[in-house]
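Bear in mind that the values here come from a model prediction, so they are computed numbers and not experimental data. Chain letters run A, B, ... following the sequence lines, proteins first, then strands; residues in each count from 1. For the numbers below, each heavy atom of this structure counts, side chains included, while hydrogens, waters and symmetry mates do not.
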Amino acid sequence: MTREHAPRPDEEQLEFREESASLVRITAAPVVWAGHFLVCYCAVALVCAKGWQTGWLQPALLAVSLGALAVIAWLGFRSFRQWDVRNTGDFSNPHGEAEDRHQFLGHAAFLLAIVSAVGVVYVTLPILMIGVCR
Amino acid sequence: MTGIAARKPEGPYPPTSEMLDEPVPEALGRAQAERLRAAWTAPKGWRYWSAVNNTEVGVWYSLTALAFMLLAGVLALILRVQLAQPESGLVDADRFNQLFTLHGSAMMFLFAVPIFEAISILLLPGLLGARDLPFPRLSAFGYWCFLIGGVFVLGSILFDAAPRAGWFMYPPLATKDEGPGSDIWLLGLSFIEVASIAAAVELIVGTLKCRPPGMRVNIMPLYAWYVLVVGGMILFAFPPLIAGDLLFEMERSFEWPFFDPERGGDPMLWQHLFWIFGHPEVYIVFLPSIAIAAMIVPTAAQRPIVGYSWIVLSAVGTGFLSFGLWVHHMFTTGLPALSLGFFSAASEAVVIPTGIQLFAFIATLLVGRVTMSLPMLWIAGALAIFTAGGLTGVMLAIAPFDFQVHDTYFVVAHLHYTLFGGMVLPVLAGVYYFMPFVTKRRMSERLGRWAFWLIFVGFNVTFLPMHLTGLIGMPRRVFTYPGGLGWDWPNLVSSIGAFVIAAGFLVFVIDLVTHWRGPPASRNPWNAGTLEWTHDVPEEAWGVRSIPHVTSRYPLWDDERLLGRIDSGRFYLPDAEDGLRETLITSVIDATPMQVQRVSGPTWITPLAAAFTGGAFILPTFHLWGAAAVSGTVAVACILWWLWRDTAWPPEKEMKDVGLGLRLPTYASGAESTGWWAMWITMLGDATGFASVVFGFFFYWTARPDFPPQGAAHPDAAWVALAAAGFALGWMATLAARRLNRRGRQGLARAALGVGALAGAGGAAALALSVLHLSPTDHVYPAILCAIVVWLAAHAIAGLVMQLYCLAGSLAGKLTPSHDADIWNVTLFWHFHTLAALTGCAVLGLAPRVLQ
């Protein structure tokens with residue numbers, strides 16, 4: 001996106017400045033996975049153990065799963081853009097430049113988004129196949 | 001304010017090539033080296049044991065862990081002799097129980113986790129071109145705790161008093177067990193877990209803040225990534241077990257019925273807490289060993305690792321996913337099918353990141369020109385064995401298969417395949433690979449190959465037949481078995497194999513002992529590319545002559561002038577003109593230089609503090625409560641003395657020349673200081689522990705129909721409300737004190753600290769009064785409420801001590817408006833403490849009314 005207009009003088013500095021939150025940001029997708037896992041496990045444990053009404057549970061959990069996947073997809077898309085491999089062709093970012101660090105963090109976050117998405121799908125499968133409270 | 005505003009790095013950064021080309025005058029270089037050597041020399045004679053430098057502590061730590069491992073191995077040999085034949089009478093059932101319990105516990109808690117910390121303490125500063133880790137005394141304290149706790153736990157077997165309920169200590173067997181065995185396990189290992197958390201804090205802060213200038217996160221050695229991930233996992237995995245230990249010990253000592261179903265308790269809570277720790281722990285021991293492989297493989301292939309980002313992904317991904325697997329240890333406990341499904345699914349998912357890193361290694365080896373060096377041989381063996389263990393893991397993750405082989409020798413075979421392949425062999429590879437760095441001598445190629453083949457063959461002879469023994473029905477943990485069930489010959493083969501492994505370890509130990517007299521190694525014997533191989537031969541205690549500016553992942557391969565510049569003192573901190581031990585602190589993401597940190601030197605206070613801390617943990621085993629309390633108080637006094645004397649005093653000069661024209665501050669407070677990060681990380685672990693206790697409350701509520709029981713007495717709501725107010729006021733006053741102090745209003749800040757101390761102590765007292773009428777021995781409901789109060793009260797005491805410490809510091813001129821690191825850290829503690837306290841008050845005051 002940044003390549004299509006004349007660069008502002010401070011642009012590079014802004015884009016590649018030290019992202020103090022970015023180490024935490026690469027864990028965003030796995031955190032969504034963990035949240036999804038916890039919600040599913042706790043909801044099932046609670047509803048079934050307490051003998052509450054269960055009809056709504058399966059569709060609700062599937063909706064939660066779709067929501068989690070959507071968030072992960074958005075995170076993945078953002079980090080794919082940050083990685084910027086289609087413009088740079090650089091898959092490894094081995095240099096000690098701010099730009100490399102920026103793209104590397106995008107790459108790592110992108111890969112983590114894929115693994116997290118697979119994790120969410122795996123955990124959703126039992127809800128689909130076994131059904132709740134069995 | 002002026003003091004703080006002036007504390008900014010000054011001068012050019014990064015260094016230009018002209019600056020680096022300029023030679024250092026030879027006489028100056030010699031004088032600098034002389035001063036540096038004087039500052040870092042290890043103490044001599046009997047004072048040697050007061051050393052705190054990572055090179056000394058790391059060696060003690062590694063050798064102690066090795067010794068514990070060998071002892072635990074001897075226990076296993078006795079087990080195998082007993083099982084070699086049916087109806088054998090070498091040891092009786094009780095002794096057999098002690099042997100396998102101690103074998104598992106010692107291998108896990110006294111070897112697998114500590115050896116990660118030991119090796120990392122030893123290697124990490126070298127990998128990062130740092131002089132030392134940020135808190136050398138914390139490493140030393142952790143080591144002494146480990147030694148004392150380990151000797152206590154292992155020594156119990158000599159008195160026939162060892163724990164004997166299996167390494168996971170399931171109640172009711174372990175809670176009802178007579179004798180001190182279970183207490184030794186609970187208290188001794190809790191003590192060591194505290195030391196592990198201390199090491200994790202040290203290593204995380206070291207990786208984040210002590211990297212050399214220019215080493216951004218995308219070029220740090222993969223080992224450092226693994227240290228970060230594993231350190232983080234320790235913070236979230238160990239506290240649930242510590243919380244579980246606390247509940248368990250209160251049941252054993254005071255009859256609080258947390259796991260006793262007759263009084264509303266539930267043994268399943270222990271299983272959950274144990275395995276929330278226990279499964280991540282498998283990865284806590286696996287990932288650092290794979291990290292060693294990630295250092296050896298590129299060197300063996302003589303090219304950069306393939307898929308650096310992929311390995312980072314797999315380390316972080318495994319770290320997360322490994323927390324979603326714990327119930328696969330509990331597949332046969334009668335949980336609902338859907339719960340099993342969740343954990344089965346996550347267990348299969350974790351294979352993906354785990355597999356990715358192995359494929360990255362194989363890819364690196366495929367595209368490189370591999371020299372089959374001795375370390376690489378060990379890694380190859382490890383990959384083969386681990387893959388086999390991983391495959392049986394995939395089988396076991398399928399719940400119906402697990403039902404069939406649960407508690408049989410199939411599981412024993414699986415776990416040994418993963419641990420030998422995923423941990424033991426890579427660590428041995430690391431020993432052979434890094435020994436020239438550690439002792440400046442090489443180990444024997446010939447003996448090393450002998451050790452490898454003996455251990456590799458012996459391992460497979462021992463454990464491959466166990467898959468079969470398990471499938472044909474032999475349960476684990478039986479002290480003997482009748483003949484004629486088809487179990488005879490596989491057991492005999494396994495026993496023979498065990499002695500072949502032992503022979504391999506014997507060769508290894510002989511090699512290790514004799515290599516100290518061998519010829520010196522060359523400086524970079526494997527032609528590796530990472531910073532640790534810039535070390536000095538013969539050894540210099542300073543770690544690195546000057547701290548380089550790094551611009552690539554394999555600086556030794558990419559920059560042939562790097563070594564010469566390091567040696568001549570061209571880079572940062574080439575001198576110790578103040579005669580102090582110093583290391584460079586850099587920023588978290590991009591490693592720009594921020595501060596010169598003075599690190600502490602040799603002292604006797606760390607072993608002393610560890611000994612009294614040990615007393616506080618060990619004496620309760622024998623119900624010597626008074627002595628334990630005294631010992632604990634003395635331990636706290638030792639730690640306060642250590643902090644007061646040697647940390648965070650205003651420096652004699654605010655700024656210091658570090659070379660290449662750069663001037664850095666010598667003091668930092670708040671988020672810029674290493675101490676603040678350490679507090680943050682510690683409190684994250686602490687919060688996890690508290691969350692585990694609160695989880696217990698809600699677990700009982702979902703699992704038990706009689707929770708809270710009909711007509712039960714509840715905490716007094718008025719006192720609880722007062723307590724919440726007290727904690728909130730204590731927090732606000734502490735925060736106000738920090739701000740007032742920064743603005744130069746020291747008198748008001750002291751007053752605020754006093755008010756905060758009174759309010760916090762009052763809050764704790766009110767909380768205690770709110771549950772005074774409850775009887776925690778009657779039912780689990782009052783017991784878990786009282787456990788929450790005990791937890792919060794202990795933290796309130798710590799918070800009070802910290803406030804008074806700051807007050808004293810302010811009066812003594814240690815804490816000033818511009819030198820306020822102490823009160824920043826204390827405020828951070830209070831943020832966490834207040835959050836926990838308000839959560840606790842909500843559970844105590846509101847939950848009973850809402851839930852009934």
Indicate every side-chain donor-acceptor pair of residues 117-126 of chain A with a distance under 3.5 Å to a residue at least two apart or in another chain.
unit_1: A:Thr124; atom_1: OG1; unit_2: A:Ser65; atom_2: OG; d: 3.3
unit_1: A:Thr124; atom_1: OG1; unit_2: A:Val120; atom_2: O; d: 2.6

Contacting moiety of A:Tyr41, where chain B heavy atoms sit under 4.5 Å: both

Within-4.5 Å side-chain heavy-atom neighbours: B:Phe320 and A:Val115: no

CH2 (B:Trp680) with more than 12 external heavy atoms under 6.0 Å: no

A:Phe77 atom CZ, neighbour heavy-atom count above 12 within 6.0 Å: no

Distance in Å, B:Leu338 CG paired with A:Met129 CE, rounded so as to fall on 0.5 Å steps: 11.0 Å

Donor-acceptor contact present, side-chain B:Asn218 to main-chain A:His95, <3.5 Å: yes

Side chain / backbone / both / neither for A:Ile127 at chain B, heavy atoms under 4.5 Å: both

More than 12 heavy atoms of other groups within 6.0 Å of A:Gln58 CD: yes

Rounded distance [0.5 Å steps], CZ in B:Phe342 versus CZ in A:Phe37: 7.5 Å

Verdict with supporting geometry, B:Tyr308 and A:Asn93, side-chain contact (heavy atoms from CB on, under 4.5 Å): CA-CA 9 Å; B:Tyr308 180 95; A:Asn93 302 113; over 6 Å; no

Choice from A:Ser116, A:Pro94, A:Ala108 maximising heavy atom contacts with chain B below 4.5 Å: A:Pro94

Top of B:Leu335, B:Leu313, B:Asp558, B:Leu208 for chain A proximity - count of heavy-atom pairs under 4.5 angstrom: B:Leu313

Between A:Cys42, A:Ala49, A:Pro30, A:Gly131, the one whose heavy-atom pairs under 4.5 Å with chain B are most numerous: A:Pro30

Separation between CD1 of B:Ile311 and CG of A:Leu111, rounded to the nearest 0.5 Å: 11.5 Å

Proximal component of B:Ile219, with respect to chain A [non-hydrogen, under 4.5 Å]: side chain

Heavy-atom donor-acceptor pair, A:Lys50 side chain to B:Pro705 backbone, under 3.5 Å: no

Rounded distance [0.5 Å steps], CD in A:Gln103 versus OG in B:Ser309: 10.5 Å

A:Phe104 to B:Val217 - nearest heavy-atom pair and separation: CE2-O, 4.0 Å

Chain A contact via B:Leu340 - side chain, backbone, both or neither, heavy atoms under 4.5 Å: neither

B:Trp310 and A:His107 aromatic ring geometry - parallel, tilted or perpendicular at 30°/60° bounds: perpendicular

B:Arg216 bridged to A:Asp100 by N-O distance under 4.0 Å: no

Neighbour count above 12 (heavy atom, 6.0 Å) for B:Glu672 CD: no

Contact leader toward chain B among A:Leu112, A:Leu38, A:Thr27, where contacts are heavy-atom pairs under 4.5 Å: A:Leu112

Portion of B:Val316 that has a non-hydrogen atom of chain A nearer than 4.5 angstrom: both

Under 4.5 Å from a heavy atom of chain A, the part of B:Ile352 involved: side chain

